[in-house]
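Inspection log for the structure reproduced underneath, given as structure tokens.
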Number of protein chains: 2
Amino acid sequence: MARPKTPRLNRAMIVDAALELVSSSKGLTMPGLADKLGVSVSSVYHHVRNRTELVELIRGRIAGREFGDLDRNGPWRTVLATWLREYRSAFSPYPDLVRLLIGQTISAPEVLEQYEYIAGVIIAAGFPREEALPVIMVLDSFALGSALDLSAPDEIWAANPTEHAHLTTAIAAAPAEVVARADAAFEYGLRCLLDGLAFRLGETPTATT
Amino acid sequence: MARPKTPRLNRAMIVDAALELVSSSKGLTMPGLADKLGVSVSSVYHHVRNRTELVELIRGRIAGREFGDLDRNGPWRTVLATWLREYRSAFSPYPDLVRLLIGQTISAPEVLEQYEYIAGVIIAAGFPREEALPVIMVLDSFALGSALDLSAPDEIWAANPTEHAHLTTAIAAAPAEVVARADAAFEYGLRCLLDGLAFRLGETPTATT
DNA sequence: ACCTGAACACCGTTCAAGT
DNA sequence: ACCTGAACACCGTTCAAGT
């Protein structure tokens, strides 16, 4: 074989295949990826410097999608709520992706654009300059933590009804299925967080998200 | 050598050594751990079923510490704030520990006890049963996400002053050092979250944390 | 430039062998 | 029970060799 006249691999294809592997039973491995693409491992390395770079490409792909649908007008609460929802839901088809991305420093340029936009929204909303970064970081922490819940097992805590009475009550009163439970918690936290932020701005936290 | 009359290894020693390795340059590996303990790899496996179990033991150790200092009296805001602060600060000596723990399902019993206690506080505070789990999950997501910030690089975003004007402004107005920056964001988010929760309870969110 | 096969260092885990 | 040395399967990465 060796060098075919028309390349049989490109970065887009590689990222596609990698994304499919991330949440598969075997996870993302270079041999597994090569296999799925029908090439040899070393061939993949001709298009991607290393595994780290591959993960950054995946991050860019995900971030790009998310950013596309963002509505730039409207009140800050709505914009931030939309962004956070899309941020998180971008991960739902790939439950294990969050953990993969968390393990690694951000360098994808698409992500920078997003934060730039969000920073603008926050400043325009009236938050003082020193609070802008904290606000971003808090939203980020919350979205990331919430996205992690998507890949949690159905039974997060093996609570014992007699030893853990309160916890058992709490669990029984919430949806049993992971995604439904995570969704509910996310929406609940979103409202709390936005209410808290509105309160800091001196606004009445009654507005709808 | 073979079986010495007095064992030269036990679980506590192993967890100690493992904790030291987690945030070291080489990270936590079984060969590295054996090396640090001065024994062979297979020897470690005699005390710990596998790497997964080892990580669970580490989780238990950390959770145990944290829970010890919890003040059980006082208003719910204070109790939750204290818990969240200790939760997060338990990770600060081991910046990379969060990522290690996140990769794995919780099974350490010490952690269950904690959530049981927190569930009790939340219910006693007056939150309806259906909101108890969401509240716990939201606090959890936030604390976890915030703990992740502790291991972030000094320069999280390589923001370009001309292309990312708002982001640059935000970054310039915040502490430059990782830990100081993460601390500020955490305290800010903590207040927002508790304010938002107080608002849901019908309380005036003016109380000090 | 773009692909292959073979190789290397490293990791998690197991197992027969010793006391 | 508790330790060792050797082995296995697997992973990320490199490199000379081919067109």
Side-chain angles (χ1 to χ4, degrees), chain A residues 1-59 94 96-97 99-105 107, chain B residues 1-59 94 96-97 99-105 107:
Chain A
M1 279 295 134
R3 169 140 154 79
K5 30 188 298 195
T6 155
R8 51 176 51 133
L9 236 50
N10 60 55
R11 289 182 154 223
M13 290 171 56
I14 293 177
V15 174
D16 284 342
L19 258 175
E20 280 185 59
L21 283 177
V22 170
S23 296
S24 73
S25 56
K26 315 197 120 188
L28 175 61
T29 72
M30 301 306 274
L33 181 57
D35 223 56
K36 186 172 192 77
L37 290 164
V39 297
S40 73
V41 205
S42 37
S43 184
V44 177
Y45 277 91
H46 210 272
H47 298 261
V48 163
R49 193 182 303 275
N50 48 37
R51 205 185 114 109
T52 305
E53 189 185 82
L54 175 57
V55 170
E56 262 344 85
L57 290 176
I58 297 177
R59 196 198 300 276
Y94 318 101
D96 293 318
L97 184 55
R99 278 181 273 178
L100 193 66
L101 297 188
I102 275 177
Q104 198 169 291
T105 303
S107 81
Chain B
M1 277 298 133
R3 170 138 154 80
K5 30 188 297 192
T6 154
R8 53 176 49 135
L9 236 50
N10 60 55
R11 289 181 153 221
M13 290 171 57
I14 293 177
V15 174
D16 284 342
L19 258 175
E20 280 185 58
L21 283 178
V22 170
S23 295
S24 74
S25 56
K26 315 197 120 191
L28 175 61
T29 71
M30 301 305 275
L33 181 58
D35 223 58
K36 187 171 190 77
L37 290 164
V39 297
S40 73
V41 206
S42 38
S43 184
V44 176
Y45 278 90
H46 211 271
H47 298 260
V48 163
R49 191 182 304 275
N50 49 35
R51 205 187 114 109
T52 305
E53 189 183 85
L54 175 57
V55 170
E56 263 342 86
L57 290 176
I58 297 178
R59 196 198 300 277
Y94 318 101
D96 293 317
L97 184 55
R99 279 182 272 180
L100 192 68
L101 297 188
I102 274 177
Q104 197 168 293
T105 303
S107 82

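Fair warning: this is a prediction, and the values are worked out from it, not measured in the lab. Below, read A as the first sequence line, B as the second, and so on, with proteins coming before strands; counting in each chain starts at 1.
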Nucleotide N/O of nucleotides 5-7 of chain D paired with protein N/O under 3.5 Å:
from  : atom 1 : to    : atom 2 : distance (Å)
D:dG5 : O6     : B:S42 : OG     : 2.4

*Would you jot down, in residue-number order, the residues of residues 44-59 of chain B having a non-hydrogen atom under 4.0 Å from DNA chain D?*
B:H46, B:H47
*Taking for each residue the nucleotide of DNA chain D bearing the nearest heavy atom, is the 5' side occupied by B:V39 or by A:G32?*
B:V39
Using whole Å, what does the distance between atom [atom2] of nucleotide [N] and atom [atom1] of [X] come to?
X: B:L33; N: C:dC11; atom1: CG; atom2: P; answer: 12 Å
X: B:R11; N: D:dC2; atom1: CZ; atom2: C1'; answer: 15 Å
X: A:D35; N: D:dC10; atom1: CG; atom2: C1'; answer: 13 Å
X: B:R8; N: D:dA1; atom1: CZ; atom2: P; answer: 18 Å

_Can you pull out the residues from residues 22-30 of chain B that lie within a 4.0 Å heavy-atom distance of DNA chain C?_
B:L28, B:T29, B:M30
*Who passes side chain to side chain contact (heavy atoms under 4.5 Å, CB included) against A:S42, sequence neighbours left out?*
A:S40
Mind checking what makes salt bridge (Lys or Arg N to Asp or Glu O under 4.0 Å) contact with [X], not counting sequence neighbours?
X: A:R51; result: none
X: A:D35; result: none
X: B:R59; result: B:E56

Per-pair distances, 0.1 Å, donor-acceptor, side chain in residues 9-16 of chain B, under 3.5 Å, sequence neighbours excluded:
from  : atom 1 : to    : atom 2 : distance (Å)
B:N10 : OD1    : B:A12 : N      : 3.1
B:N10 : OD1    : B:M13 : N      : 2.9
B:R11 : NE     : B:H47 : O      : 3.2
B:R11 : NH2    : B:E53 : OE1    : 2.8
B:D16 : OD1    : B:R61 : NH1    : 2.7
B:D16 : OD1    : B:R61 : NH2    : 3.3

*What residue among B:D96, B:V22, B:V55 forms side chain to side chain contact (heavy atoms under 4.5 Å, CB included) with B:L101?*
B:V55
Using distance only, find each side-chain donor-acceptor pair of residues 24-33 of chain A under 3.5 Å and give its atom names and separation, not counting sequence neighbours.
from  : atom 1 : to    : atom 2 : distance (Å)
A:S24 : OG     : A:L21 : O      : 2.7
A:S24 : OG     : A:G27 : N      : 3.4
A:T29 : OG1    : A:G32 : N      : 3.0

*Both distances under 3.5 Å, Watson-Crick or G-U wobble: on that basis, could you give the dot-bracket string for DNA chain D, with [ ] for crossing pairs and | for other-strand partners?*
||.|||||...|||||.||
_Would you compute the distance between atom CD of B:Q104 and atom OG1 of B:T52 and round it to the nearest 0.5 angstrom?_
4.5 Å
*Report the residues that fulfil side-chain hydrogen bond (donor to acceptor under 3.5 Å, both in side chains) with A:S23, sequence neighbours left out, ordered by chain and then residue number.*
none
